[in-house]
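For reference, the structure discussed in these notes is given below.
Nothing here was measured: the structure is a model prediction, and the numbers come from that model. Reckoned from all heavy atoms, side chains included, excluding hydrogens, waters and symmetry mates.
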Amino acid sequence: MMVMKKLFITAIVLCLCGSASAQKEFKLASPNGRVTTEISLEDQLTYSISLDGKEVMDDSPIGVTLTTGEVWGKSPKLSSKKTQKVDHMIPSPFYRAKELRDNYNALTLTFKGDYAVEFRAYDDGIAYRLSTTRKTPFFIQKENTMFEFDGDDKVTASYVSAGKDGDFTSQFGNSFENIYSEYKVSDMKKDRLTFLPVFVETEGGKVCITETNLESYPGLYLIGTGSDKMQSVNAPYPKTMKQGGHNMLQELVSEGENYIAKINGPRTFPWRIAVVSKEDKDIAASTLSYLLGEPSRVADYSWVKPGKVAWDWWNDWNISGVDFRAGINTETYKYYIDFASQKGIEYVILDEGWAVNLKADLLQIIPEIDLKGIVDYGKQKGVGIILWAGYYAFNRDMENVCKYFSDMGVKGFKIDFMDRDDQLMTEFMYRAASTCAKYHLLADFHGTYKPSGLNRTYPNVINFEGVHGLEQMKWEPATCDQLKYDVTIPYIRQLAGPMDYTQGAMLNGGVRNYHPFNSEPMSQGTRCHQLGLYVVLDSPLNMLCDSPTNYLREPECTDFIAKIPTVWDETRILDGKLGEYIVTARRSGNTWYVGGLTNREARDLTIDLSFLSGKRMQLFKDGVNADRKASDYKLTNETAGRLQIHLAPGGGFAAKIQ
């Protein structure tokens with residue numbers, strides 16, 4: 001485990017008295033001076049953000065209302081302030097780089113009424129969080145947070161797909177999976193929740209809003225106001241819940257309290273982040289969500305092993321050329337283990353179906369599955385087993401389940417169908433992460449909200465869903481533009497943290513011939529688009545979604561996927577534009593991987609790889625007929641330098657450089 005190297009940290013505390021306490025305006029600049037925030041303490045606590053002297057976010061209020069009627073942020077009365085400069089390196093295991101530079105200037109304002117706000121100015125954005133020293137328990141009724149932009153600024157964001165318009169209670173129960181919409185700030189819907197992150201293009205620069213350190217506090221949504229403001233909304237604290245939903249594996253909130261959070265004593269609240277840049281690619285490169293997460297609570301995480309996973313559910317257990325009936329049974333999973341072992345794939349997952357259906361009891365295993373035999377067979381072959389678990393079944397018997405399966409030799413859980421981010425659910429996420437860590441189990445959260453620093457606090461939390469991933473191609477019609485989505489998520493969703501997108505399709509549908517098919521699904525876009533996703537997406541636990549049968553027919557592509565790292569020593573976003581294309585380079589040891597993706601448009605790119613000039617490059621690129629047969633690709637061996645490459649519609653490329 002890496003030891004943190006502290007380079008430079010200073011703090012100054014100023015107690016205000018007399019005329020000094022009347023100060024109403026403060027300014028905080030980033031270390032390079034380009035990003036600034038101006039904080040006002042007039043009738044309302046507000047802050048604005050500028051980039052290179054040009055405002056990108058107007059005065060936006062910060063505050064909460066308590067159930068007692070007390071309002072933090074209204075007519076704030078300052079009692080002290082503290083400034084701080086920080087510049088140090090932090091370990092960032094299983095993320096984009098081996099370590100990250102945490103460099104910022106900070107300002108903490110403490111107010112009468114037992115609350116404070118801390119601002120941090122980074123070279124790529126502004127973050128703030130509230131805190132309280134109050135020891136007596138209290139309740140937060142609502143937040144008074146807004147984000148103010150020009151009404152004509154363009155927004156790219158995802159609306160909640162669940163529930164009825166205007167009925168937020170029904171919308172709060174959602175999987176955080178939807179494609180992106182584009183609209184003006186003033187046209188943002190008032191009756192449908194938007195989940196974070198949210199991307200705004202202003203005259204002065206680009207802004208992406210998200211939050212992190214979301215512990216024991218409900219997540220933030222935004223709605224339109226018909227003006228230049230976005231209004232915050234949080235899910236209420238659950239009052240009544242009932243078991244239900246998918247296979248009775250969820251807890252559905254039927255009624256909420258008149259407050260959003262219970263506060264039991266002194267604490268900090270989530271960081272609200274505005275990543276700011278002139279260039280789209282610099283937004284995609286931001287690591288603020290990770291940097292602002294709480295440091296690891298796991299003293300020794302040397303046992304955490306990232307890697308690839310042979311996955312069963314997407315390909316519908318479809319294997320051929322065997323003398324047994326494929327399905328959810330011991331023979332099938334031993335076959336998957338054999339395949340994984342042959343290709344050097346670290347894990348096999350048993351997705352939904354291995355436990356008795358509708359019982360919500362993970363200790364009741366179907367008779368077709370000899371789970372201990374499968375786990376032991378995996379050990380012999382050097383392949384770990386990960387188990388799918390529905391939320392309700394996992395939560396109701398968490399300690400026993402984790403201990404039992406850890407003792408058996410299971411390596412982790414894919415926990416699914418939380419589909420909420422109220423305070424009770426965010427508490428569950430930390431409790432599940434902690435319990436899994438106690439028993440040396442990985443956690444891959446599906447059916448969940450965006451990553452919010454949990455993977456820094458618990459490094460055994462190895463991945464998250466909360467993404468409109470490849471599973472959607474089992475049923476989404478051709479009108480769904482997944483290709484545009486693929487070149488949008490690196491700038492928005494991925495800013496929040498890694499994602500279990502579950503790529504790797506060997507059946508590929510071009511722009512004109514993709515169609516949904518549940519039992520033998522295909523991807524939208526070319527084969528090289530699928531390969532490029534393994535470089536572009538942050539995914540420390542990375543699925544191979546297709547059938548072993550299909551992979552064994554495609555040894556070149558399969559070997560590339562099976563051997564690509566899932567964690568990195570260095571990451572660079574080389575080029576890109578939101579919704580159009582992206583090019584990413586990553587280093588593991590002395591080996592670089594470069595990947596690129598385009599939307600439905602064909603594209604010719606010139607990529608500067610001069611920092612790798614003269615090195616040997618293995619290049620997968622779209623074949624000359626990839627626009628009509630999406631599986632067409634060409635594998636070449638070249639010398640790295642100035643790469644000129646053509647991407648077919650929905651195309652991509654992937655290169656390995658040694």
Side-chain angles (χ1 to χ4, degrees), residues 94-95 158-162 172-180 195-197 210 212 214 219 245-247 249-250 289-290 306-309 311-314 347 349-352 386-395 412-421 425-426 428-430 432-433 436 441-455 458 460-476 480 482 485-486 488-490 492-505 521 523 533-534 536-545 566:
F94 323 128
Y95 191 47
S158 288
Y159 288 116
V160 165
S161 58
F172 285 128
N174 76 94
S175 64
F176 304 88
E177 304 169 27
N178 200 7
I179 59 172
Y180 289 98
F195 55 84
L196 302 183
T210 191
T212 199
L214 194 59
H246 177 77
N247 283 337
L249 291 172
Q250 295 174 265
S289 182
Y290 187 93
K308 272 86 60 181
V309 186
W311 186 32
D312 51 0
W313 179 86
W314 193 79
Y347 300 100
I349 191 167
L350 276 65
D351 212 287
E352 185 174 15
I386 295 173
L387 299 177
W388 184 94
Y391 157 75
Y392 187 81
F394 186 83
N395 187 40
F413 284 99
K414 172 183 173 181
I415 308 165
D416 206 348
F417 287 104
M418 285 71 77
D419 289 358
R420 295 168 18 220
D421 67 348
M425 187 54 72
T426 60
F428 161 80
M429 296 286 282
Y430 278 78
C436 283
L441 295 165
L442 303 178
D444 176 12
F445 288 113
H446 270 236
T448 189
Y449 53 89
K450 64 195 173 297
S452 303
L454 183 60
N455 52 315
Y458 288 96
N460 62 304
V461 177
I462 205 75
N463 220 342
F464 303 81
E465 194 185 28
V467 64
H468 191 270
L470 201 70
E471 71 172 21
Q472 309 287 335
M473 298 299 96
K474 288 168 73 76
W475 52 75
E476 285 281 13
C480 171
Q482 187 73 6
Y485 184 83
D486 288 351
T488 301
I489 50 177
I492 305 180
R493 162 60 182 81
Q494 188 162 272
L495 178 138
M499 65 184 85
D500 200 359
Y501 179 98
T502 65
Q503 64 269 35
S523 69
L533 285 166
Y534 283 93
V536 169
L537 300 185
D538 293 332
S539 188
L541 190 70
N542 225 339
M543 301 288 167
L544 279 76
C545 68
T566 63

*side chain to side chain contact (heavy atoms under 4.5 Å, CB included) with P490: which residues, sequence neighbours excluded?*
Q494, V536, I582
*S161 side chain to N178 backbone, donor-acceptor under 3.5 Å*: no
*Look at the side chain of T212 and the backbone N and O of S452, then say whether any donor-acceptor pair between them is shorter than 3.5 Å.*
yes
*Among N455, N463, L454, side chain to side chain contact (heavy atoms under 4.5 Å, CB included) partner for F445*: L454
*Check each of L533, D538, N542 against Y501 using the side chain to side chain contact (heavy atoms under 4.5 Å, CB included) test, and report the only one that passes.*
L533
*Would you say Y95's side chain and Y290's backbone share a donor-acceptor pair under 3.5 angstrom?*
no
*To the nearest 0.5 Å, what is the distance between CG (L350) and CZ (F413)?*
11.0 Å
*Would you check if the side chain of T502 reaches a backbone N or O of M543 as a donor-acceptor pair within less than 3.5 Å?*
no
_Straight-line distance of Q503 CD to S539 OG, nearest 0.5 Å_ = 6.0 Å
*Would a 4.5 Å heavy-atom cut-off, applied to side chains only, mark H468 and Y180 as touching?*
no
*Stepwise side chain to side chain donor-acceptor pair (under 3.5 Å) test for Y391 and D419*: CA-CA 9 Å; Y391 157 75; D419 289 358; over 6 Å; no
*Name all residues meeting the side chain to side chain contact (heavy atoms under 4.5 Å, CB included) criterion together with P197; count only those two or more places apart in sequence or in a different chain, and write none if there are none.*
C208, T210, K450, I492, A496
*Could you tell me whether the side chain of D312 and the main chain of D351 form a donor-acceptor pair under 3.5 Å?*
yes
*Taking atom types as modelled, find out whether Q472 and E177 have a side-chain donor-acceptor pair closer than 3.5 angstrom.*
yes
*Is the shortest heavy-atom distance from the side chain of F195 to the side chain of D421 under 4.5 Å?*
no
*Check the angle between the aromatic planes of Y458 and Y430 and answer parallel, tilted or perpendicular using the 30° and 60° thresholds.*
perpendicular
